[in-house]
Number of protein chains: 2
Amino acid sequence: MTNQHILVVEDETAISDMIGFTIDRAGYTWRAAMDTKEAATCIAERLPDLILLDWMLPGISGIDYAKRLRKEELTQDIPIIMLTARGEESDKLRGFDAGVDDYISKPFSPKELVARIKAVLRRVSPFKEDSICQIDELRLDASSHRVSVNDSCVEMGPTEFKLLQFLMTHPERVYSRTQLLDYVWGSNVYIEDRTVDVHIRRLRKALGDHGYDRFIQTVRGAGYRFSPQE
Amino acid sequence: MTNQHILVVEDETAISDMIGFTIDRAGYTWRAAMDTKEAATCIAERLPDLILLDWMLPGISGIDYAKRLRKEELTQDIPIIMLTARGEESDKLRGFDAGVDDYISKPFSPKELVARIKAVLRRVSPFKEDSICQIDELRLDASSHRVSVNDSCVEMGPTEFKLLQFLMTHPERVYSRTQLLDYVWGSNVYIEDRTVDVHIRRLRKALGDHGYDRFIQTVRGAGYRFSPQE
DNA sequence: GATCCTTGTCACAATTGTGTCACATTATAG
DNA sequence: CTATAATGTGACACAATTGTGACAAGGATC
């Protein structure tokens with residue numbers, strides 16, 4: 001994972017300079033853009049591995065821009081971390097809907113910035129690599145976004161897909177509801193723990209039609225585990 | 001989930017009670033201190049994995065205390081999260097200089113508190129996992145939350161699991177009932193000593209089906225001990 | 001705008017775990 | 001050997017956790 005590239009979209013140069021200095025020292029390369037137009041140029045020149053996006057940009061809100069990035073094929077898989085000022089946190093949820101991966105509220109420490117960048121990159125990249133994951137006859141194809149058992153398709157919602165993807169790529173290990181929220185939904189979403197149960201239920205139902213719900217096991221007092229065993 | 005311990009340094013009992021309640025449910029053990037003196041006592045008794053520190057303490061600012069903790073060898077690596085009231089955020093940067101790892105501004109939701117605690121702990125000690133513990137043919141795998149003897153699964157409740165985990169990671173040593181309550185249940189529960197007996201009984205029963213109950217030995221007048229030897 | 005799908009939350013049901021008690025059993029002191 | 005204290009054990013009420021169906025809000029699609 002050497003030489004990952006980060007695009008900083010931020011109109012205050014004081015801030016983007018500080019950010020640049022920090023991520024430089026962390027071993028990443030980066031470019032700064034002051035508006036969406038510059039950003040487009042940067043992206044064309046070199047596709048970044050991650051985008052740091054200010055909440056407010058000249059002429060457009062960061063969220064709207066994030067949505068736009070999500071629609072373009074080129075950029076739809078690039079993780080986005082939003083930089084919010086104090087008091088804008090109430091709108092966080094809107095951002096997660098737009099596909100934002102994480103938030104940092106200003107002022108933040110260099111440590112925190114680097115930690116979140118690392119966390120997001122770690123979370124995102126393992127998914128990209130092995131696009132096909134098969135355990136027994138249960139097969140998950142990330143690139144075509146399909147789950148199948150013996151070539152017959154298993155229908156499920158996007159969240160269930162991501163959940164199954166995470167579980168299948170991390171089998172034989174128990175994850176608490178909070179951890180699953182962290183890893184599957186994203187770090188700081190404020191969602192009830194119990195919501196995970198409901199999605200587990202939906203996932204089991206989808207797999208159950210094909211007899212594979214037994215792979216998803218409840219560990220009382222701890223969380224859930226994916227395992228072909230027993 | 002290896003029973004991490006948190007120290008809460010906060011002079012308002014209403015707040016520290018609420019915090020305690022929350023982190024209890026998140027599976028951590030904790031102690032509360034109302035001032036730096038009490039804090040020192042708590043640290044001496046059991047070194048915490050994380051410190052929650054109020055911005056203002058009787059006689060000293062939280063930041064100054066944080067700096068002091070950073071100077072002591074014993075505490076310099078323990079992550080600190082500061083609790084700030086609204087309006088004190090402008091001083092965040094000073095705190096980061098003092099080596100503070102994160103901030104939470106009051107009022108905060110339990111969910112946010114737990115999320116930040118986990119984030120900081122994960123950031124600081126990412127390698128605290130795995131922990132497969134095997135003695136003879138008895139194997140306890142913390143990450144998959146499984147106990148097995150010769151690959152056949154041993155069923156037990158959550159408390160029995162934690163108890164066995166503690167005993168297996170601290171073999172050859174006698175623990176009194178009160179100590180076990182402290183270490184396995186958490187130091188702030190009010191439970192009868194004799195309850196430990198019942199859980200020992202349940203644990204023995206689970207292991208006994210596989211012939212491993214002899215590992216849990218009663219030391220009359222003292223407590224219990226885990227040991228492969230008779 | 002009408003329709004469909006997804007999603008988070010809730011309320012209630014089903015299940016499982018927990019702490020305490022009473023009584024049985026065992027060890028130890030005298 | 002007996003008295004006494006410590007530990008083992010089964011039962012049980014109730015607490016806590018998890019499963020499940022329903023629902024309303026919000027997006028997406030057309």
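Worth knowing before you read on, the calculation uses all heavy atoms, side chains too, and leaves out hydrogens, waters and symmetry mates. Keep in mind it's a predicted model, so treat the numbers as computed, not measured.
- Spacing between atom NE2 of B:His199 and atom P of C:dC21 amounts to 14 Å, rounded to whole angstrom units.
- Distance, A:Met156 CE to C:dC5 P: 16 Å, rounded to whole Å.
- One can place CZ of A:Arg194 at 8 Å from P of D:dG19, the figure rounded to the nearest angstrom.
- Using a 4.5 Å cut-off on side-chain heavy atoms (C-beta onward), B:His199 and B:Trp185 make contact.
- Whole-Å rounding puts the A:Asp197 CG to D:dA16 P distance at 17 Å.
- Residue contacts shown for A:Arg204 are limited to sugar-phosphate atoms, with no base heavy atom under 4.0 Å away.
- Checked by distance alone, B:Arg202 brings no side-chain donor or acceptor within 3.5 Å of a matching partner on the base of C:dG17.
- When the P atom of C:dT15 is taken as reference, atom CD of B:Glu155 falls 17 Å away, rounded to whole Å.
- Among the atoms of the strands shown, only primed sugar atoms or phosphate atoms (P, OP1, OP2) are found under 4.0 Å from some heavy atom of B:Val219.
- Judged by atom type and distance alone, A:Arg220 reaches the base of C:dT15 through a side-chain donor-acceptor pair under 3.5 Å.
- Using a 4.0 Å heavy-atom distance criterion, A:Thr195 is classed as a base contact.
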Stepwise ring pair (Phe, Tyr, Trp, His ring centres under 6.0 Å) check, A:Phe161 with A:His145: CA-CA 8 Å; A:Phe161 182 85; A:His145 244 253; 4.2 Å; yes
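- Counting to the nearest Å, the P atom of C:dG17 and the CG atom of B:Leu203 are 14 Å from each other.
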Show me the donor-acceptor pairs, under 3.5 Å and distance only, between side chains in residues 216-226 of chain A and residues at least two apart or in other chains.
| from | atom 1 | to | atom 2 | distance (Å) |
| --- | --- | --- | --- | --- |
| A:Gln217 | OE1 | A:Arg225 | NE | 2.9 |
| A:Gln217 | OE1 | A:Arg225 | NH2 | 3.2 |
| A:Gln217 | OE1 | B:Arg146 | NH2 | 3.4 |
| A:Gln217 | NE2 | A:Ser227 | O | 3.3 |
| A:Gln217 | NE2 | A:Gln229 | O | 2.8 |
| A:Gln217 | NE2 | A:Glu230 | O | 3.2 |
| A:Thr218 | OG1 | A:Arg204 | NH2 | 2.7 |
| A:Tyr224 | OH | A:Arg177 | NH2 | 3.3 |
| A:Tyr224 | OH | A:Asp197 | OD1 | 3.4 |
| A:Arg225 | NH1 | B:Ser144 | O | 2.4 |

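- A:Trp185 has no side-chain polar atom (N or O) that falls below the 4.0 Å cut-off from OP1 or OP2 of C:dT7.
- Contact annotation for B:Tyr224: backbone-only contact, meaning every heavy-atom pair under 4.0 Å involves sugar-phosphate atoms and none involves a base.
- Between A:Ile200 atom CD1 and D:dT20 atom C1' the separation is 14 Å, expressed in whole Å.
- B:Ile6 has its side chain within reach of B:Ile117: a pair of non-hydrogen atoms, C-beta onward, lies under 4.5 Å apart.
- Spacing between atom CG of B:Leu163 and atom P of C:dT18 amounts to 11 Å, rounded to whole angstrom units.
- When all heavy atoms of A:Asp136 and A:Arg214 are compared, the closest pair comes out as OD2-NH2, 4.2 Å.
- For B:Thr218 and D:dG8, the shortest distance from a side-chain N or O to OP1 or OP2 is below 4.0 Å.
- Contact annotation: A:Arg177 side-chain N/O to D:dT18 OP1/OP2 distance is under 4.0 Å.
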